[in-house]
Number of protein chains: 2
Amino acid sequence: MKRITIYDVAKEADVSLATVSRVINDSNVVREDTRIRVQEAIEKLGYKPNAIAQGLALSKTTTISIVMSEKLFAYNAKILNGLMDVAKIYNYNIMLHTTSKGISKMQDVIESIIKSRVDGVILFNDNFSEEELEVLHLYQIPMVVVGSKIEDKKVGNVGNVYVDFEKLAYELVNEYFEKGITDISLVEDKLNLSMMSQLRHGVERAFKEKGMEFKKYVSYDETYRSSYDFLSEYFKTHKPSELVITFRDSQAIAFLNACNEAHYQIPQDTQVISILDDKYLRMMRPTISSFNFPDYDMGAIAMRLLTKMLVNDDEVKDNKDIEIGYTFIQRQTTQPE
Amino acid sequence: MKRITIYDVAKEADVSLATVSRVINDSNVVREDTRIRVQEAIEKLGYKPNAIAQGLALSKTTTISIVMSEKLFAYNAKILNGLMDVAKIYNYNIMLHTTSKGISKMQDVIESIIKSRVDGVILFNDNFSEEELEVLHLYQIPMVVVGSKIEDKKVGNVGNVYVDFEKLAYELVNEYFEKGITDISLVEDKLNLSMMSQLRHGVERAFKEKGMEFKKYVSYDETYRSSYDFLSEYFKTHKPSELVITFRDSQAIAFLNACNEAHYQIPQDTQVISILDDKYLRMMRPTISSFNFPDYDMGAIAMRLLTKMLVNDDEVKDNKDIEIGYTFIQRQTTQPE
DNA sequence: TTGTAGGCGTTATCAG
DNA sequence: CTGATAACGCCTACAA
C-alpha cells in the first residue's frame with residue numbers, strides 16, 4: 001500500500017490540497033458539503049496526516065521528552081502515569097529517554113532531545129547537572145524538573161514540581177527530638193543521591209540547631225541482599241539506633257528482617273520509617289510507617305505546568321515552582337503519639 | 001538564538017549545503033580539509049541536525065513506539081530496560097504510549113502511531129485485539145509483540161518474543177500431580193488477563209488429561225487489601241488448597257498473611273507459588289517460591305528482533321517467534337523435592 | 001570532490 | 001470559500 005498523502009485525498013475529493021489541509025485542521029472557513037466530500041475521501045483512502053511533515057511545516061512536534069534514570073523506572077511508575085495521562089489530554093506524544101551508567105549518558109540524551117526538536121522536556125531530578133540544564137536552555141527548550149527541588153537554580157525559565165525533602169527531614173527529626181530521641185540513623189539510597197543529600201541536610205540542620213552533630217549517615221551497598229547481610233553482621237556487635245530512617249521500602253524491609261533475626265523488638269527497641277511509601281510497606285508484618293506523596297498528581301501537575309509554559313509562558317512566569325505536600329502515615333514500626 | 005540550519009553552516013564553512021549534509025552523514029567522499037572546516041563551523045554555531053527534516057527527507061524517523069498498559073508500568077520495568085538499552089545501541093528513539101481504561105484507548109494510540117510514522121512498534125501482549133494489530137499491519141508497520149504468545153495469529157509479519165505460560169502451568173500442575181497433590185487453586189490477576197487465560201488453559205489441560213475437571217480458578221478484586229480481606233473471611237469457613245498459584249507477588253503475599261492469621265502453616269498445610277518473580281518475594285518470611293524469567297533479556301531480544309526486521313526483513317523471515325525459557329525458584333513456601 | 005535542483009508532506013499567505 | 005505557491009530543513013541523484 002503506497003503511503004497516501006494529502007495530494008491523493010485532494011485528487012479523490014476533487015479539491016486542492018489546501019482545502020484538505022483545512023478540513024484536517026478544523027479550519028471553519030470550509031463549506032459544509034466540500035468538507036463532507038473531503039472527509040469521505042479521507043475515510044475511503046485511509047489517509048492519516050504525516051506528523052513529521054506537519055512538524056516541519058509548523059516547527060512544532062507536539063511531542064515532549066521525558067528523561068529519567070533507568071534504575072528508577074519501577075519506582076516512578078505513578079509519576080509517569082500522571083505525566084502520561086495529562087500529556088494525552090493535551091495531545092502530546094511522549095518521547096522516553098533513559099539514562100544508565102554504562103550505556104547512555106545524559107549528554108547523549110540531550111543530544112537526541114535537541115535533534116528531535118521536541119516542544120518541551122520533563123526531567124526527573126536524579127541524574128543531571130546544572131551544566132546539562134544549561135545546554136537545554138541554550139536551545140530554548142522549555143523544561144520542568146520533577147521530584148525534588150533544584151538545588152542551585154542558575155538557569156532561568158525552568159519549572160520545578162517538587163517535594164521539599166530537606167524540610168521533611170528537618171521536621172521529622174525535630175519531632176523525635178521532642179520525644180527525647182536523638183539516636184537517629186539515616187540510611188543512604190544510592191539510586192537517588194540528590195534526594196538523599198537534601199534529606200541529609202535537613203537532618204543536619206535539625207541537629208545543628210540543638211548544638212549536636214549528626215554522625216549516623218549510613219551507607220552500604222544498594223541491594224536488599226547486601227543490606228540484609230550487612231545489618232545481620234552489624235547487629236552481632238551493635239544495637240540499632242532508636243530511630244532509623246530509610247529512603248525506600250527495600251531498605252526498611254532489610255532492616256526489619258535483620259532486627260527480627262537479632263531479636264530486636266520493633267517499635268520498642270527501634271523505630272523505622274521509610275520515606276517513600278509503597279504498597280509493600282503495608283504487606284509487611286509489622287507494617288512500616290512512611291510518608292504519603294501524591295505521586296500521580298505530581299506527574300500530572302508537572303505535565304500541566306509544562307503545557308502551560310508551551311502555550312503561554314508569560315502566564316506562568318512567576319508560578320513555576322510548585323511545592324507538593326506530604327503526610328506521615330503511622331503504621332506499626334513507629335510509636336504512635 | 002535563531003534556530004540554525006544546514007544553510008548557516010554551509011555559509012560559515014563556505015561550502016554548499018550538500019557538503020555539510022555529507023559530513024553529517026559520514027559520507028566518505030568528502031576531502032579531509034573541507035570536512036574539518038565544516039566540522040568547525042558546526043561546532044562554532046552549535047548546529048544540530050533537525051531530525052524532523054531528516055525524517056521527512058528519508059521517510060524514516062528512527063523512532064520506535066512502545067505500547068503498554070499504564071497499570072503494568074512498574075511490573076515491566078526490566079523488560080523496558082532491555083528494550084531501551086538495545087534501542088539506544090541502534091540509535092533509535094523511543095516513543096512511549098500507554099493505554100488505560102479511562103483516558104486512552106488502544107485505538108487512539110494506534111492513530112497516533114500511524115501519524116508519527118515510526119519505523120516500528122513493540123507491543124506488550126496485554127491490551128490489544130487482533131483487529132488492532134491488523135490496522136497496524138495494514139499500514140505496513142513492522143511490529144513485535146512481547147510477553148506472551150499471540151493466541152490466534154492471523155496477521156503476518158509480526159514478531160513474538162514470549163514465555164509459554166500455558167506450558168509452564170501445564171508442567172507445573174503435572175509435577176504436583178506426581179506428588180499426589182490435586183487440590184490446586186489458580187488465582188486470577190486482572191491486570192493481565194491474556195496471560196491468565198494461558199495459564200488457566202495449561203492447568204485445565206493437565207486436569208483434563210487426568211480425567212479431572214479444574215474448578216478452582218479464583219477471582220477476586222485486584223488490590224492487595226481486598227485480596228487480604230477476602231481471604232481472611234474465606235478462611236473462617238474454608239481450608240486453603242494444597243497448592244495455590246498466584247500470578248503476582250502481592251497476591252501471594254496477601255495469601256501468606258491471611259494464612260498466618262488463620263494459623264495455617266506454610267508449606268505444611270498449603271504451598272504457594274507466585275508465577276512472576278520479584279525482589280519482594282525474597283524479603284517475605286517465609287520467602288516465596290516463583291519462576292525466574294530473564295525479563296531484561298526478553299526486552300533486549302524483542303528490540304533486537306525488531307531492528308533486524310527493519311533492516312532486512314527477509315533475513316529473519318522464519319525466525320520471528322522466539323520462546324523465552326524460565327526456571328523454577330524453590331523458596332520456603334513450597335516443599336523441596 | 002563539490003554544487004545544483006528536485007522532492008519529502010504539510011501549513012500558511014495571498015490572490016481570486 | 002477555494003486554489004496556487006512559497007516556506008519548513010534536509011537528502012540525494014545528477015552535473016560539473
Side-chain angles (χ1 to χ4, degrees), chain A residues 1-39 41-42 45-63 91 93 112 114-119 139, chain B residues 1-39 41-42 45-63 93 112 114-119 139-140:
Chain A
M1 173 172 138
K2 167 183 171 298
R3 287 286 192 212
I4 83 120
T5 74
I6 200 169
Y7 287 100
D8 303 314
V9 178
K11 193 187 293 176
E12 176 74 25
D14 197 31
V15 294
S16 79
L17 77 173
T19 303
V20 178
S21 175
R22 286 190 189 100
V23 345
I24 292 172
N25 299 297
D26 279 330
S27 169
N28 44 13
V29 293
V30 48
R31 214 197 314 147
E32 192 56 18
D33 59 325
T34 97
R35 141 168 287 121
I36 292 173
R37 202 144 38 91
V38 172
Q39 287 287 17
I42 289 176
L45 302 178
Y47 166 73
K48 307 279 180 195
N50 182 330
I52 299 301
Q54 290 179 318
L56 187 60
L58 295 173
S59 305
K60 181 173 186 320
T61 51
T62 54
T63 109
N91 268 307
N93 286 316
S112 83
I114 294 172
K115 287 183 183 169
S116 301
R117 301 293 194 269
V118 296
D119 298 336
Y139 283 86
Chain B
M1 177 170 135
K2 168 183 173 295
R3 287 285 192 214
I4 83 120
T5 74
I6 200 169
Y7 287 100
D8 303 314
V9 177
K11 192 186 294 177
E12 176 75 25
D14 197 31
V15 294
S16 80
L17 79 172
T19 303
V20 178
S21 175
R22 288 190 188 100
V23 344
I24 292 171
N25 299 299
D26 280 330
S27 169
N28 44 12
V29 293
V30 48
R31 213 195 313 146
E32 191 56 19
D33 59 324
T34 97
R35 142 168 285 119
I36 291 174
R37 202 143 39 90
V38 172
Q39 287 287 17
I42 289 176
L45 301 178
Y47 167 73
K48 308 279 181 194
N50 182 331
I52 300 301
Q54 289 179 318
L56 187 60
L58 295 174
S59 303
K60 182 175 185 321
T61 52
T62 55
T63 108
N93 286 316
S112 83
I114 294 172
K115 287 183 183 168
S116 300
R117 301 294 194 268
V118 296
D119 297 335
Y139 282 87
Q140 306 189 93

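Quick note on labels: first sequence line is chain A, next is B, and so on, each numbered from 1.
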Handout entry: Axis bend over the full length of the helix from C:dT1-D:dA16 to C:dG16-D:dC1, computed from five pairs that close each end, to 10 degrees
Key =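 It works out to 40° between the end axes.
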Exercise for the section: Let me have a per-nucleotide readout for nucleotides 4-16 of chain C, 5' to 3', with B, S or -, counting only protein heavy atoms under 4.0 Å. Expected result: B--BBBBSBB---
How close do [X] and [Y] get, heavy atom to heavy atom, and via which atoms?
{"X": "B:Ala13", "Y": "B:Ala41", "answer": "CB-CB, 3.8 Å"}
{"X": "B:Val30", "Y": "B:Thr34", "answer": "CG2-OG1, 3.2 Å"}
{"X": "B:Pro49", "Y": "B:Gln54", "answer": "CB-NE2, 3.7 Å"}

Practice task
Check the distance between D:dG9's P and B:Leu45's CG and give it to me in whole angstrom.
Solution key: 15 Å
Fill in the blank from the handout: Rounded to whole Å, CZ of B:Arg31 lies from C1' of C:dT2 at a distance of 9 Å
Handout entry: Donor-acceptor contact below 3.5 Å, side chain A:Ser16 vs main chain A:Ala18
Key = yes
Exercise for the section: Run the numbers on B:Tyr47 and B:Glu12 for side-chain contact (heavy atoms from CB on, under 4.5 Å), then give the verdict. Expected result: CA-CA 11 Å; B:Tyr47 167 73; B:Glu12 176 75 25; over 6 Å; no
Practice task
Would you indicate whether the side-chain heavy atoms of A:Ile24 and A:Val9 approach each other to under 4.5 Å?
Solution key: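 When only atoms from C-beta onward are counted, A:Ile24 and A:Val9 do not touch, as no gap falls below 4.5 Å.
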Practice task
Determine which pairs satisfy side chain to side chain donor-acceptor pair (under 3.5 Å) with at least one residue from residues 17-26 of chain B, sequence neighbours left out, and list them in order.
Solution key: B:Ser21-B:Asn25
Handout entry: Interatomic spacing from CZ in B:Arg117 to OG1 in B:Thr61 - rounded to 0.5 Å
Key =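 Here the rounded value is 10.0 Å.
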